[in-house]
Asker: 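I'd like to ask some things about the structure below.
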Amino acid sequence: MRSASRLRLLKSLGGGKEDKAVGGGSLGSSSFVFFRRQTTPFKGFLSRSLRTTSNARDDDDDDDDVKNPLRRRGAHEEEGVVVGLEIHLQLTSLKTKLFSPGSVLRVDGGSASGSPVVHAFDRAEPGTLPSPVNEAAVQCALKLATALHATCEKVSEFDRKHYFYGDLPHGYQITQHRKPILTGGRINENVRVERVQLEMDTGKTLSSLSSSSSSEKSSNVVDLSRAGATLLEIVTKPDIRSEEHAVETVSDVIQMARYLEISDANMEDGSIRVDVNVSVRRRRNDPDSNDDDATTKSTSVSSERTEIKNLNSLRSIRNAIKYEKERHGRYLDGVVGAEKVERETRSWDEKLNKTIVLRSKESLLDYRFMREPDVLPIVLTDEEIELARNSVREMPKAALERLKNLGVSEEHAKFLSLHPSSVKYFDDIVSLCVIDASVFPSLSKEDVKSVANFVCVEIVGALRDAGVGTKGKPPFLGIESKTNLHPERVRDVLKSLRVHKTISGRMAKDVIKLLARNDSRSIDEILEQELGGSLIQNNNDSGKENPTKEKSIGSADEEGEQNLDATCQSVVQDLAEEREAIKKNPKVFGAFVGEVMKRTRGRADPKQVSATLRKLLDEY
């Protein structure tokens, strides 16, 4: 009866057309996931019912001075684009939602992955109440406060933000409008944070599959899997002055979220979504009518603020700001035929490469914020805040500077500092090499640089070839459970390469590839069984430590090939034509090196091969 009553209500509001349930459940079923809604007069009815009669607010207009500071115009203001961001970060590290024990489900390709069950509260079943706020979400917010150097408010409260849309089953969103959990702070040196607030996510509107029925073609599908998931909304002050600066700021937040391990921050999956507020300021010199000398004074003229909603890629952020900057500029400059700039909400159309109007000034929303009566305030103590602060390790920029000071190249330092697991993996390898003094008798910057190159190039490449890792996940997260590349094994490979000299750089790559496939054999067994034996040595290297030297090198046919000197001598004698050609073309030298590597089956050090061959060729 409850479902039938709701359908009759929707039918009466929607001009006679019903919303359809999709996914095998009814509106009252515990397995219900989707609504399918028609593009009917129902949408127009809702828009008209929310039209503001006075003191209209635009979307998320929490603080007009923050969203549109250009209303405070003066000659001292710089000209150019002014941008503020609203970054919606989904806490994908949480197992349950903000106000319910429902599981956080991911949506890929328009279908829910995992169980189709959505908790009764998240689908707004009548009579359901929110659970106490997810404590893990509060801890994530406190961690972010440490990274942003923000102030943790001792008391923060929740509000209801009312609006009607198909993907918001309650008819309101629970957020923190008046008393957010964090205030102040900085994302980077140039961008200040106004506020950070906890709020529950909405559902997701998707395009329906094509159908032969004309009515089906005009419908959308609303997926409620995401409804109720935890968001942290980061609202910046209008400190951004270019599209590249905006992209850099969002990238900093992505890195921060991943480093704190509170979210995977994958824009392509919707884990982070950005709203951009854009305005443009121009400086004009106007005649001063009150001045007898007819001098000019400088005044600042700015355009109305435009908000671009739900940007889900760095490219979209860059292109949308660039487009709006040019559109506002043409209007302020009085270009003939320029589109009038009004205060409105827009979306970015990737196909048309332009913004399109969602809501104009005449249809701004009044969210009718009110205190959430069913959720208690969050009350924090100094001890809880301090405990959360101490749980945060070294932050990305500090790790970046430390790695660079150790000798790691800037490129590799940036790569490693993207995630704490990467920094820890690298630090563990270096520490083991230092403890084993034979590897690094005295650790130098060149030694650290060589280890970083080995980790960031060879090991990452081996993991990629082995198909280990997940898109958007840190490369070394869980590496010890997925592969045999734990730090001790990598230390052993480096020791064989640098100390025992039983393998070459090329052989080390082959060993790493096998370990990436979880090969549990020892390095000596891999050399003997897979690579034909250890590295072939020079005569003058015979006295050096080589624990595998007495072992068979493999299936070499000639006794002379058991020694690098003999092999090089044989190659120089056999390639008579190349010996003559190299006198005119030095590039022919590669043919000699290639032949030696072929005869030794790659078990020779290319540097030793090159040095030996040059010495022999000089004698001819």
Asker: Salt bridge check: are Arg327 and Glu344 linked by an N-O gap of less than 4.0 Å?
Answerer: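 Answer for the salt bridge query: yes.
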
Asker: Would you name the heavy atoms of Lys97 and Ala229 that are closest together and state the gap between them?
Answerer: CD-N, 3.8 Å

Asker: So, His328 and Ser279: side-chain donor and acceptor under 3.5 Å apart, yes or no?
Answerer: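 Side chains of His328 and Ser279: no pair found under 3.5 Å.
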
Asker: Using side-chain heavy atoms (C-beta onward) and a distance below 4.5 Å, is Val250 in contact with Val247?
Answerer: no

Asker: So, does Glu153 use its side chain to make a donor-acceptor pair with the main chain of Ile181 at under 3.5 Å?
Answerer: no

Asker: Holding to side chain to side chain contact (heavy atoms under 4.5 Å, CB included), I want the full list of residues that pass it with His149, two or more places apart in sequence or in another chain.
Answerer: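 His149 satisfies side chain to side chain contact (heavy atoms under 4.5 Å, CB included) with no other residue.
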
Asker: Ser417: which residues meet the side chain to side chain contact (heavy atoms under 4.5 Å, CB included) condition with it, sequence neighbours left out?
Answerer: Gln255, Ala399, Leu400

Asker: So which heavy atom on Ile262 is nearest to which on Ser93, and how close?
Answerer: O-OG, 2.9 Å

Asker: Any side-chain heavy atom of Leu198 within less than 4.5 Å of one from Phe158?
Answerer: yes

Asker: Do you know the tightest heavy-atom contact between Leu260 and Ala147?
Answerer: CD1-CB, 3.9 Å

Asker: Using side-chain heavy atoms (C-beta onward) and a distance below 4.5 Å, is Val196 in contact with Val235?
Answerer: no

Asker: Quick one: list whatever passes side chain to side chain contact (heavy atoms under 4.5 Å, CB included) with Asp427, sequence neighbours left out.
Answerer: Arg402, Leu403, Val423

Asker: Would you say Asp264's side chain and Asn266's backbone share a donor-acceptor pair under 3.5 angstrom?
Answerer: yes

Asker: Please, which pairs that meet side-chain hydrogen bond (donor to acceptor under 3.5 Å, both in side chains) have at least one residue in residues 131-142, sequence neighbours excluded?
Answerer: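 Pairs touching residues 131-142 that pass the test: Thr96-Asn134.
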
Asker: So, the side chain of Thr128 versus the backbone of Ala124: is there a donor-acceptor pair under 3.5 Å, distance only?
Answerer: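 A pair under 3.5 Å: no.
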
Asker: Has the side chain of Glu384 got a donor or acceptor atom that lies under 3.5 Å from a matching backbone atom of Thr381?
Answerer: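 Checking the backbone N and O of Thr381 against the side chain of Glu384, a donor-acceptor pair under 3.5 Å is found.
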
Asker: I'd like to know if Asp275 pairs up with Lys309 as an ion pair, taking the criterion as any Lys NZ or Arg NE/NH1/NH2 lying under 4.0 Å from an Asp or Glu carboxylate oxygen.
Answerer: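 Looking at Asp275 and Lys309, the cut-off is met.
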
Asker: Supply the atom-to-atom distance Ile87 CD1 to Ile234 CD1, rounded to the nearest 0.5 angstrom.
Answerer: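 With rounding to 0.5 Å, CD1 (Ile87) is 5.5 Å from CD1 (Ile234).
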
Asker: Begin with the C-alpha distance, continue with both residues' side-chain angles, and end with the deciding distance and a verdict on side chain to side chain contact (heavy atoms under 4.5 Å, CB included) for Thr146 and Arg393.
Answerer: CA-CA 10 Å; Thr146 303; Arg393 302 176 184 176; over 6 Å; no

Asker: I'd like to know if Arg318 and Glu243 make a salt bridge, using a cut-off of under 4.0 Å between side-chain N and carboxylate O.
Answerer: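 Result for this pair is no, no salt bridge flagged.
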
Asker: Does a side-chain N-to-carboxylate-O contact under 4.0 Å join Lys354 and Asp349?
Answerer: no

Asker: Using the side chain to side chain contact (heavy atoms under 4.5 Å, CB included) rule, take Val82 and Ile240 through it: C-alpha gap first, then chi angles, then the decisive distance, then the call.
Answerer: CA-CA 6 Å; Val82 178; Ile240 299 171; over 6 Å; no

Asker: On a heavy-atom basis, which atom in Gly166 and which in Val222 lie closest, and how many Å separate them?
Answerer: O-CG1, 3.5 Å

Asker: Can a salt bridge be assigned to the pair Glu261 and Lys143 using a cut-off of 4.0 Å between side-chain N and carboxylate O?
Answerer: no

Asker: Please give me the minimum heavy-atom distance between Glu157 and Pro377, naming the atom from each residue.
Answerer: CG-CB, 3.9 Å

Asker: Flag the pair Thr92 / Val104 as yes when at least one side-chain heavy-atom distance between them is below 4.5 Å, and no otherwise.
Answerer: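 Thr92 vs Val104: side chains apart.
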
Asker: Are side-chain heavy atoms of Pro132 and Phe99 found at a separation under 4.5 Å?
Answerer: no

Asker: Kindly indicate whether the side chain of Leu142, heavy atoms from C-beta on, has any atom under 4.5 Å from the side chain of Leu380.
Answerer: yes

Asker: For Arg178 and Phe369, indicate whether the former's side chain and the latter's backbone hold a donor-acceptor pair under 3.5 Å.
Answerer: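 Yes, because the side chain of Arg178 sits within donor-acceptor range (under 3.5 Å) of the backbone of Phe369.
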
Asker: Are Asp159 and Arg368 within salt-bridge range, i.e. N to O under 4.0 Å?
Answerer: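 Looking at Asp159 and Arg368, the cut-off is not met.
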
Asker: Between Asp269 and Ser271, does any side-chain donor sit less than 3.5 Å from a side-chain acceptor?
Answerer: no

Asker: Any side-chain heavy atom of His88 sitting closer than 4.5 Å to one from Asn310?
Answerer: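 His88 does not reach Asn310 side chain to side chain.
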
Asker: Considering only NZ, NE, NH1 and NH2 on the basic side and carboxylate oxygens on the acidic side, decide whether Arg346 and Glu307 come within less than 4.0 Å.
Answerer: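 Judged by the 4.0 Å cut-off on N to carboxylate O distance, Arg346 and Glu307 do not form a salt bridge.
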
Asker: Could you tell me which residues satisfy side chain to side chain contact (heavy atoms under 4.5 Å, CB included) with Ala227, sequence neighbours excluded, listed by chain and number?
Answerer: Leu224

Asker: Under 3.5 Å, is there a donor-acceptor pair linking the side chains of Ser263 and Gln90?
Answerer: no

Asker: Just by modelled atom types, is the Pro238 backbone N or O under 3.5 Å from a matching donor or acceptor in the Arg241 side chain?
Answerer: yes

Asker: Side chain to side chain contact (heavy atoms under 4.5 Å, CB included) between Thr205 and Val221: does it pass, once the steps are laid out?
Answerer: CA-CA 6 Å; Thr205 303; Val221 174; over 6 Å; no

Asker: Counting only heavy atoms from other residues, nucleotides and ligands, does the tally under 6.0 Å from NZ of Lys179 exceed 12?
Answerer: no

Asker: Quick one: closest heavy-atom pair of Phe121 and Leu129, and the distance?
Answerer: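 Between these two residues, the closest heavy atoms are CD1-C, 3.6 Å.
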
Asker: Test of understanding: with side-chain hydrogen bond (donor to acceptor under 3.5 Å, both in side chains), list the residues that count as partners of Tyr172, not counting sequence neighbours.
Answerer: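 Expected list: Arg160.
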
Asker: Can you tell me how far CG of Leu89 sits from CG of Leu232, rounded to the nearest 0.5 angstrom?
Answerer: 6.0 Å

Asker: Can you check whether His419's main-chain N or O pairs, donor with acceptor, with Arg258's side chain at less than 3.5 Å?
Answerer: no

Asker: Is there a donor-acceptor contact under 3.5 Å from the side chain of Ser481 to the main chain of Gly478?
Answerer: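 Pair found, side chain donor or acceptor close to backbone of Gly478.
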
Asker: Going by distance alone, is a donor N or O of one side chain under 3.5 Å from an acceptor N or O of the other, for Glu86 and Asn277?
Answerer: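 Present: a donor and an acceptor within the cut-off.
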
Asker: Under 4.0 Å between a Lys/Arg side-chain N and an Asp/Glu carboxylate O for Lys154 and Asp382?
Answerer: yes

Asker: Does CZ belonging to Arg371 count more than 12 external heavy atoms closer than 6.0 Å?
Answerer: yes

Asker: Quick one, Lys424 with Ser421, criterion side chain to side chain contact (heavy atoms under 4.5 Å, CB included). Give me CA distance, side-chain angles, the key distance, then yes/no.
Answerer: CA-CA 5 Å; Lys424 184 179 184 302; Ser421 63; 5.7 Å; no

Asker: Hey, could you give me the CG/CZ distance between Asp167 and Arg226, rounded to the nearest 0.5 Å?
Answerer: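 If we round to the nearest 0.5 Å, Asp167:CG and Arg226:CZ are 7.5 Å apart.
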
Asker: Under a plain distance cut-off of 3.5 Å, with no hydrogens placed, do Asn190 and Asp239 share a side-chain donor-acceptor pair?
Answerer: no

Asker: Please lay out, stage by stage, how Glu350 and Ser316 fare under the test side chain to side chain donor-acceptor pair (under 3.5 Å).
Answerer: CA-CA 7 Å; Glu350 198 69 47; Ser316 297; 2.8 Å; yes

Asker: Are side-chain N/O atoms of Thr175 and His177 paired as donor and acceptor at under 3.5 Å?
Answerer: no

Asker: Just checking, is any N or O donor in the side chain of Glu324 or Thr355 under 3.5 Å from an acceptor N or O on the other one?
Answerer: yes

Asker: Is the closest side-chain heavy-atom distance between Val274 and Val276 below 4.5 Å?
Answerer: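 SC-SC contact between Val274 and Val276 confirmed.
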
Asker: Looking at Asp122 and Val118, would you say the former's side chain and the latter's main chain have a donor-acceptor pair under 3.5 Å?
Answerer: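 Not at all, since once roles are kept as given, no pair shorter than 3.5 Å links the two residues.
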
Asker: For the pair Tyr425 and Phe476, name the ring-plane relationship: parallel under 30°, tilted 30 to 60°, perpendicular over 60°.
Answerer: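 Parallel.
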
Asker: Donor-acceptor pair, distance only, cut-off 3.5 Å: does the side chain of Arg186 make one with the backbone of Arg192?
Answerer: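 Checked: no pair found.
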
